[in-house]
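The sequence lines fix the lettering, A, B, ..., with proteins before strands; numbering per chain opens at 1.
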Amino acid sequence: MNDLINLEEELKRYFNYETFRVGQKEIITSVLDGSHTLATLPTGSGKSITYQLPALISSGITVVVSPLISLMFDQVKILKAKGIKRVAALNSLMSYEQKQQILNHLKHFKLLYCSPEMLQQEWLINRLKSINVSYLVIDEAHCISQWGHEFRTDYLKLHSIYKQLDEPTVLALSATATPEVQVDIVGHLQINMNKIIYPVDRPNITLATKKVEHQNEKEEYLIHLVENNRVPTMVYFSSRQVSEEVYQKLQAYFPDRRVACYHGGMEQDERLLIQQQFMYDQLDVICCTSAFGMGVDKSNIRLVVHYHMPSTLESYIQEMGRAGRDGKHSLAVLIYQLGDETIPFQLINSELPNDLEIETFLQSNRNEELIDPLTETKTKFLNFQLERNKTTETSEIASSIKNVRDHRLEVKKQNIFKMLHWIHTKGCRRESLYQSFQDGVENPINFCCDYCDFNLNQWSFLTSEEQKLNVLYDWEKRLNAIFNRR
Amino acid sequence: MSFHVFILYLLNHIEGQRTTSSIYHILRGKKSSQTIQDARLFRLGPYLGLLPRFNKEEFDQIVNELVDKGLIVNSDHITYLTDHSKSLIKKDQWYSSIYFNGEEFSHLIVSFYQKLQLLVQSVSYLSNQQSNFIPIAEDFKVQQDVKLILKSPNVLNQQGEQLYQEMNQLLHEVDEQHANILMMNLTGFDQVGMSIRQIANQLHEPERIIQLKLISTIHVWLTVIKSNENDFQIVSQLIPNQHHINLTQSALKTYELLNQNHSIDQVVYIRKLKRSTIEDHVVEIATKNKTFSTNLYVPSKLEQEIKKVVLKHDTKRLKLLKEKLPEEVSYFQIRLVIARLHDEQAMREVASHE
């Protein structure tokens, strides 16, 4: 079948790209041949095209399992903006009418993004069975693994979904799957998979860390970086409040630069405007939390700064990987202040239920009483564990769940230690960052890291004169501009 | 400080009768009979539902600051304003010159404004031969509605000339600064709109003030459009249809049952709700629908008696009124009479002006 299709032509037709990037064609060919495939490609290398193109040129529908609702919406939005309209997303946040609207036109769609919870719904599975599902895509497949940094219980049920959908060709994708996670993915799906493993390092990104003693020093260093690098910049924070504070300082310090803040606490309309301004180069620096950028498709981000350390190497790889998607030289800097690790340590303790919460949950479940609701992640964790312990003696359930909880806590703690270890590494940062994912790294296209050959303190991006947008504050001029009148 | 003064101005209306939180509920547009009735009673209808996503923490902080500065006193769950704050309200009346009609429009504007933003963006892109763009409104229903409007005749003709003319005319209806704020916020093919926060920074005013000015502009527009729908063939399509007098969902169900000649007790039984909830609905219906007869619940002789006491003591505090009335008169009956009394009072005042 592949011989008849000119994949380059199709790529041009749907996405307006001339050539494939590394790895894309190999994965697409494998999928089109009907082989179950497990593939890793680095963040920002066009992973999604490896299932979008097969979906568009095959008959039937492709179901994409995606762990985050925001990620789903962003993907649909980006495709629609490219003129690919036969796509939809289904998730629990939608109203009954919205879901029906999609279900009634299921045959019309080529790509359907679903949350894993949604695929547990029998009515949806039944509808999907009545049409031809050509591919089942598992995006962010590391969520299947207990060793993965974002383990999601709903992902464990994907094998039965695969069976119920009459065994379509499966494509499992990840940018951050260590070899042990890869084994776990194949093990849980219980199918033979063609493994296409590409190195996930990014040769165009120079890596550096900066250690500081005090809060003031941290702010000053960020100002120094922003001052010396007049390029599209993202600054990541772990806390909304700090992102706000630093944003205000930066804006005050650089009145001629366009600085903005973005986090989950802002109103939706405001967030949309900021996100689009950044995409269309109307902003220079964005101070954000991880809520930003799930599907940010901006190719010319030159500098990604972490003001706080992420809680896993995987998150770090993902977030700094938003830099330089155009393949040009970019820089990722992590600023570390002694004691910064207390933030992620506190965070992991709030993510999982404590002993008391476990016991109260089990008791209320037995007596069918109502208790104060726990956070969504805690409730999900507990419900799933309860289901897994169906056949366990009642007296044993609590200790069994506590064991699992302790195990997850341990994995999370180890992740933070790995992150710290990387920050304090006394060798090549690039090799150290990727060593648990692959053997060796590619040769960097420019500077490697602050250990090998790079001096962060003296670095400055050379930029051509920025073309400033002339912001119109007068309503008549703005109205004429929008409607393209003189 | 100006937003604080605006809150003070609103608190001044309920002084000595309610607590601060009644103002919070009015600004949020809480769908309870109590709030809707309060808005009528204290003539705060224009401000009803202006800030639907106002959060309690922000409001509480403002109230605490007002208390700390000695501008208000909260005593026994009632709020009082100090002399200092009364003079402050008179000094800085930026809000007195701006128009609001929350009672009529608050439930319409989110949908109206999102559609307007998306329509303007779409027409701007499409009439410049760019069909691929990321919509500035993500709501599914909003997108569907705008798609329909784009298909109607004339919308895309001559580079969106008709929409351009309608916008131009509407922008002339408001202050220059208000027009500027709205246009800065809109997105076109030339650039993405500025966020409220960015506009506030640019104009050196608080975000809340910019937000209120934007809301006021939309209220003005809705008033103008509704009175001349023929002049605004395109933008008038952005106004959501109103099928019913603006009752809360639950009150609407109660209203339908009462219209089928069910008694309050029967409605309580049918709907499996508390009697007090159904009573709230009846008060809400009486407040909003002047043709709804209350005689079934308050015999006219009793109604006269309650009216007299309310007028004599010039208060709307239910507890005080209840003490002055015979034991058998219920809170429900007092509330019903007040709901109606307010309308009569307003009518009389209007009449005496003429």
Side-chain angles (χ1 to χ4, degrees), chain A residues 16 73-74 76-85 88-89 94-95 97-99 101-102 244 247-248 251-252 255 258-262 265-283 297 469-485, chain B residues 53 55 110 113-114 117 120-121 123-125 127-129 131-141 143-144 158-161 163-165 167-168 170-172 174-199 201-203 207 211:
Chain A
N16 202 22
F73 280 137
D74 285 341
V76 170
K77 216 159 64 178
I78 290 167
L79 284 168
K80 284 191 173 169
K82 284 179 178 153
I84 297 165
K85 314 270 186 192
M94 296 163 76
S95 71
E97 287 85 24
Q98 286 171 302
K99 287 184 213 160
Q101 175 97 10
I102 289 170
E244 284 277 344
Y247 148 72
Q248 281 173 14
Q251 184 66 88
R258 298 161 302 179
V259 186
C261 188
Y262 183 106
M266 289 161 51
E267 301 251 347
Q268 178 67 5
D269 325 358
E270 298 270 288
R271 280 198 277 172
L272 264 173
L273 287 171
I274 299 298
Q275 194 173 331
Q276 291 207 16
Q277 288 172 6
F278 194 54
M279 298 258 287
Y280 289 107
D281 299 326
Q282 286 170 228
L283 286 175
D297 202 16
L469 196 80
N470 189 17
V471 182
L472 300 170
Y473 302 112
D474 173 275
W475 71 262
E476 280 191 287
K477 286 184 184 148
R478 179 91 181 93
L479 184 68
N480 287 337
I482 287 184
F483 286 88
N484 206 7
R485 303 288 196 279
Chain B
R53 283 172 290 186
N55 75 52
V110 173
Y113 191 57
Q114 286 193 352
Q117 291 182 80
V120 168
Q121 183 196 23
V123 171
S124 174
Y125 271 90
S127 56
N128 284 287
Q129 280 71 50
S131 56
N132 296 334
F133 58 91
I134 301 174
I136 201 68
E138 293 192 320
D139 186 273
F140 182 73
K141 183 86 177 56
Q143 294 186 353
Q144 298 285 89
Q158 298 169 300
Q159 289 198 306
E161 180 63 20
L163 179 60
Y164 173 78
Q165 290 302 344
M167 296 274 295
N168 196 24
L170 286 167
L171 285 158
H172 275 107
V174 295
D175 275 13
E176 191 179 349
Q177 194 210 25
H178 290 202
N180 291 346
I181 291 171
L182 184 116
M183 287 312 297
M184 280 187 235
N185 193 230
L186 291 183
T187 295
F189 87 108
D190 62 322
Q191 69 182 65
V192 180
M194 292 166 78
S195 69
I196 302 283
R197 176 179 220 172
Q198 290 168 326
I199 298 171
N201 285 344
Q202 183 63 41
L203 302 180
E207 277 175 59
Q211 191 186 6

>> For B:Val192, is there any backbone N or O sitting under 3.5 Å from a side-chain donor or acceptor partner on A:Gln282?
In response: yes
Assert top hit (heavy-atom pairs under 4.5 Å, partner chain B, pool A:Gln101, A:Met266, A:Lys477, A:Gln276) equals A:Gln276
- Message: A quick test of your reading: do over 12 heavy atoms of other residues, nucleotides or ligands sit less than 6.0 Å from NZ of B:Lys141?
- Response: no
Here the pair of heavy atoms bringing A:Asp269 nearest to B:Arg53 is OD2-NH2, 3.9 Å
The reported gap from CD1 in A:Ile274 to OG in B:Ser195 (rounded to nearest 0.5 angstrom) is 4.0 Å
Taken to the nearest 0.5 Å, the spacing of B:Ile196 CD1 from A:Glu267 CD works out to 9.0 Å
Cut-off 4.5 Å, heavy atoms of chain A, and the answer for B:Leu182 is neither
Here the gap from A:Asn480 atom CG to B:Asn168 atom CG, rounded to the nearest 0.5 Å, amounts to 7.5 Å
Okay, A:Leu283 and chain B: the region with an atom under 4.5 Å from a heavy atom over there is side chain
Is there a side-chain contact between A:Asn484 and B:Phe189, using heavy atoms and a 4.5 Å cut-off?
-> yes
* B:Arg197/A:Glu270 ion pair, N-O < 4.0 Å -> no
Looking only at A:Cys261, A:Gly83, A:Ala260, A:Ala481, the option with the highest number of non-hydrogen pairs under 4.5 Å against chain B is A:Ala481
Here the gap from B:Gln191 atom CD to A:Ile482 atom CD1, rounded to the nearest 0.5 Å, amounts to 7.5 Å
So, the part of B:Gln144 with a heavy atom under 4.5 Å from chain A: the answer is side chain
Bottom line for B:Thr187: the part with an atom under 4.5 Å from chain A's heavy atoms is both
The interface call for B:Asn201 against chain A, heavy-atom contacts under 4.5 Å, is side chain
Cut-off 4.5 Å, heavy atoms of chain B, and the answer for A:Arg485 is side chain
The interface call for B:Gln143 against chain A, heavy-atom contacts under 4.5 Å, is neither
Under 4.5 Å to a heavy atom of chain B? For A:Tyr280 that would be side chain
In terms of heavy-atom pairs under 4.5 Å with chain B, the winner among A:Gln251, A:Glu476, A:Glu244 is A:Glu244
Beyond-backbone contact of A:Trp475 with B:Glu176, side-chain heavy atoms, under 4.5 angstrom = yes
Taking every heavy atom of B:Met194 against every heavy atom of A:Leu273, the minimum-distance pair comes out as O-CD1, 3.6 Å
As a quick check of understanding, evaluate side-chain contact (heavy atoms from CB on, under 4.5 Å) for B:Met184 and A:Tyr473, giving each step before the final call. CA-CA 6 Å; B:Met184 280 187 235; A:Tyr473 302 112; 3.7 Å; yes
Under 4.5 Å to a heavy atom of chain A? For B:Gln202 that would be side chain
(request) In sequence, state the C-alpha distance, the side-chain angles, and the governing distance for A:Arg478 and B:Asn180, and then conclude on side-chain contact (heavy atoms from CB on, under 4.5 Å). (result) CA-CA 8 Å; A:Arg478 179 91 181 93; B:Asn180 291 346; over 6 Å; no
d(B:Glu138 CD, A:Asp74 CG) to nearest 0.5 Å is 7.5 Å
